[in-house]
**Student:** 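One structure is given below, represented as structure tokens, and several questions about it will come after.
Throughout, protein chains are lettered first and strands after them, A, B, ... in sequence-line order, and every chain is numbered starting at 1. Bear in mind the structure is a predicted one, so any value in this text is a computation, not a measurement.
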2 protein chains.
Amino acid sequence: MNPKKQQILNAAYDLFINKGYNSSSIQDILDGAKVSKGTFYNYFGSKSECLMAIMESIGSEIRQRRMAAAVGMSANDPEVLAEQLYIRIKLNLEKNLFALYESIFYSQDPELKSFSVKQYSLEMEWISSRIVDVFGKEAAPYALENAAFVHGYVQQLIHLWRLVSVDNLPADKLSSFVIRRLQATIALQIAAKDTFFGNLKLPLAASADDVTLEELAPLLEQYAQKLKDQDNIKQLAQFLAAELAAETPRKALIESVLTTLANDNRIESELSIMIEQIWKHLADIA
Amino acid sequence: MNPKKQQILNAAYDLFINKGYNSSSIQDILDGAKVSKGTFYNYFGSKSECLMAIMESIGSEIRQRRMAAAVGMSANDPEVLAEQLYIRIKLNLEKNLFALYESIFYSQDPELKSFSVKQYSLEMEWISSRIVDVFGKEAAPYALENAAFVHGYVQQLIHLWRLVSVDNLPADKLSSFVIRRLQATIALQIAAKDTFFGNLKLPLAASADDVTLEELAPLLEQYAQKLKDQDNIKQLAQFLAAELAAETPRKALIESVLTTLANDNRIESELSIMIEQIWKHLADIA
DNA sequence: AATAAAAATAGACTAACGGTATAAAGGTGA
DNA sequence: TCACCTTTATACCGTTAGTCTATTTTTATT
């Protein structure tokens, strides 16, 4: 990453989380990053594009940490889900991201708007799929609405905590509490067959789930080629691409490389999404 | 209400819900209301003050409709709660208020910020107290966190609905669904004694609940005196104030007047809050 | 090493914003 | 007629996001 660009991102990041997005002017960013306006607009087409780059990198960090938390654990362990939930809460708290998320969720800027819808959909889709992991296939028809349950409950409990207490939010207690409530309610819901969304699915879910490992291999290869030769990640990604395309992919090797990648915090957004998809489809490999 | 002021409010209202608060300029409002800048600043000290006036009147309308929905029904009927929940959802949908709420919830403007915190607290406090109405005193320690449950769940289901379906949101089905899920989960929660907030309460709860009927009477009288003589509401409010201050208040009469007031859609915010408090304390009267 | 092409940079500039100030015009009741 | 208040129009201020252009720096090529 270009150092000037990184300077700008760092300064914008600090300002956005401390002063809020709308209240931070481009001039503030320029002063903070000690660059001029021309430099800023050389790297970002607009203020909102700068914000999106920041959000993208945060999303990437969350995906990466969540993968790291799941490595070597069984997918149906509710405590792993609670831990993964906790990862986002803690990161959001540490970096004061709530205002940031919400200020763009209801933005009028159409680019920001569609970006945030995509981010939101990804998160809901992720929670849904983890709910199916934990509670089994019979929970699938109820997964999406319970993702809403989890996400909404967490959000409101955080809001309320700030009004009722001056102490730091016990994020670990919060996430395990919500998962406990989820376990209690989802069992009853399945028994009662009480559904709101019915068969409705998120539009992106279909397309994202349909990507097979065979299709992923060339995409991964394509991504790897853009990296510099001396980058370790390039080697790993290219090996992974070749192995996925092979007649008989060696599962243990793939798992090993994935684990290494899941613990590398330099992973970019595009790659982290692919890694997650491979991980998801790992069971398909004999 | 002054016609010019009403003109401004109407124009601002239309703009805020269609273009959003931040994207609507004062000039837009002036053009829409066909008034000059001087007139605007004669009635509102700032753009945010104008927004707050709009939010206030919406809040008043919701309180009034919710009271009307509860008149003559028993307070512990879950279907009444579902109906009252539906009232807000429907109004928010009709008037496209979600963007408005969220755009001010995370505002940097300190006045707007504290205003929205107050509005939010009032809503959570209201849901909490209704939960105690419906599920009894044993639900009290869990009321606040289940208010978070209800509010957050509703919010997320609405968000998601817009992503998964092009149809109109079935707001009635949504509210009764959430109340059903609440009934299911809260029983289990009480049995398991699983609490997150514990004894923590919203700070304003204590002060608002402590207002007695005796203290309310002079406040009501004070409010009534500001009204015009020919206003029917003045007569009703003054009668109510006198009756509350009487040695032996006649419950049936008070209830009758409250019912009349609850169905009058001209009621202002300040009065509607008082009416709600009287209604809440009605059981105290012999 | 010299030079040409390309990329990065600084900063002046624009239009629009929220909000203030002021002077003139209009309306109302005594 | 007069005093008083509301409304209007408009000029003005500081600040905003974004554009444009001239200059400097970097890179590639010979």
**Student:** Considering heavy-atom distances to DNA chain D, does A:Ser25 or A:Gly38 have its closest nucleotide positioned more toward the 5' end?
**Tutor:** A:Ser25
**Student:** Which part of the nucleic acid does B:Phe40 contact within heavy-atom distance under 4.0 Å: base, sugar-phosphate only, or nothing?
**Tutor:** nothing
**Student:** Determine the contact category for A:Ser23: base if any of its heavy atoms lies under 4.0 Å from a base atom, sugar-phosphate if only primed atoms, P, OP1 or OP2 are that close, otherwise nothing.
**Tutor:** nothing
**Student:** Nearest whole angstrom, please: distance from the C1' of C:dG18 to the CD of B:Glu111.
**Tutor:**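 Rounded to whole Å, this separation is 15 Å.
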**Student:** Mind calculating the distance between CD (B:Gln7) and P (D:dT6) to the nearest angstrom?
**Tutor:** 16 Å
**Student:** Without decimals, in angstroms, what is the distance between A:Ile26 CD1 and C:dA10 C1'?
**Tutor:**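 Answer to the nearest Å: 15 Å.
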**Student:** Write down the distance between CZ (A:Phe44) and C1' (D:dG18), rounded to a whole number of angstrom.
**Tutor:** 16 Å
**Student:** What is the distance, rounded to the nearest whole Å, between atom NZ of A:Lys37 and atom C1' of D:dA17?
**Tutor:** 6 Å
**Student:** Once you round to the nearest 0.5 Å, how far does CG of A:Leu261 lie from CG of A:Leu236?
**Tutor:**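 Between A:Leu261 CG and A:Leu236 CG, I get 5.0 Å after rounding to 0.5 Å.
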**Student:** Out of D:dT8, D:dT7, C:dA8, which has the shortest distance to the side chain of B:Tyr43?
**Tutor:**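 Side chain of B:Tyr43 sits closest to D:dT7.
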**Student:** May I ask you to check whether over 12 heavy atoms, not counting those of B:Asn168, lie within 6.0 Å of atom CG?
**Tutor:**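 No, not enclosed.
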**Student:** Describe the nucleic acid contact of B:Thr39 in one word from base, sugar-phosphate, nothing, applying a heavy-atom distance below 4.0 Å.
**Tutor:** base
**Student:** Here's a test for you: under side chain to side chain donor-acceptor pair (under 3.5 Å), which of A:Ser48, A:Ser116, A:Ser46 qualifies with A:Asp109?
**Tutor:** A:Ser48
**Student:** Using a heavy-atom cut-off of 4.0 Å across all strands, would you classify B:Ser48 as base, sugar-phosphate, or nothing?
**Tutor:** nothing
**Student:** Nearest to the side chain of B:Lys4 - C:dG19, D:dT8, C:dT9?
**Tutor:** D:dT8
**Student:** Can you measure A:Asp28 atom CG to D:dT16 atom P for me and round it to whole angstrom units?
**Tutor:** 6 Å
**Student:** Applying side chain to side chain donor-acceptor pair (under 3.5 Å) between A:Ser272 and each of A:Glu61, A:Gln64, A:Arg63, A:Gln277, report the one that passes.
**Tutor:** A:Arg63
**Student:** Identify which nucleotide among C:dA10, C:dA8, D:dA17 has an atom closest to any side-chain atom of A:Asn42, counting heavy atoms from C-beta outward.
**Tutor:** C:dA8
**Student:** Using whole Å, what does the distance between atom C1' of nucleotide C:dG19 and atom CD1 of B:Ile8 come to?
**Tutor:**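 Computing the B:Ile8:CD1 to C:dG19:C1' distance gives 15 Å.
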**Student:** Kindly check if the number of other-residue, nucleotide or ligand heavy atoms within 6.0 Å of NZ (A:Lys19) is above 12?
**Tutor:** yes
**Student:** Give a yes/no answer on whether the side chain of A:Ser36 brings an N or O atom under 4.0 Å of OP1 or OP2 in C:dG11.
**Tutor:** no
**Student:** Using whole Å, report how far OH of A:Tyr41 lies from C1' of D:dT19.
**Tutor:**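 Distance check: A:Tyr41 OH to D:dT19 C1' gives 9 Å.
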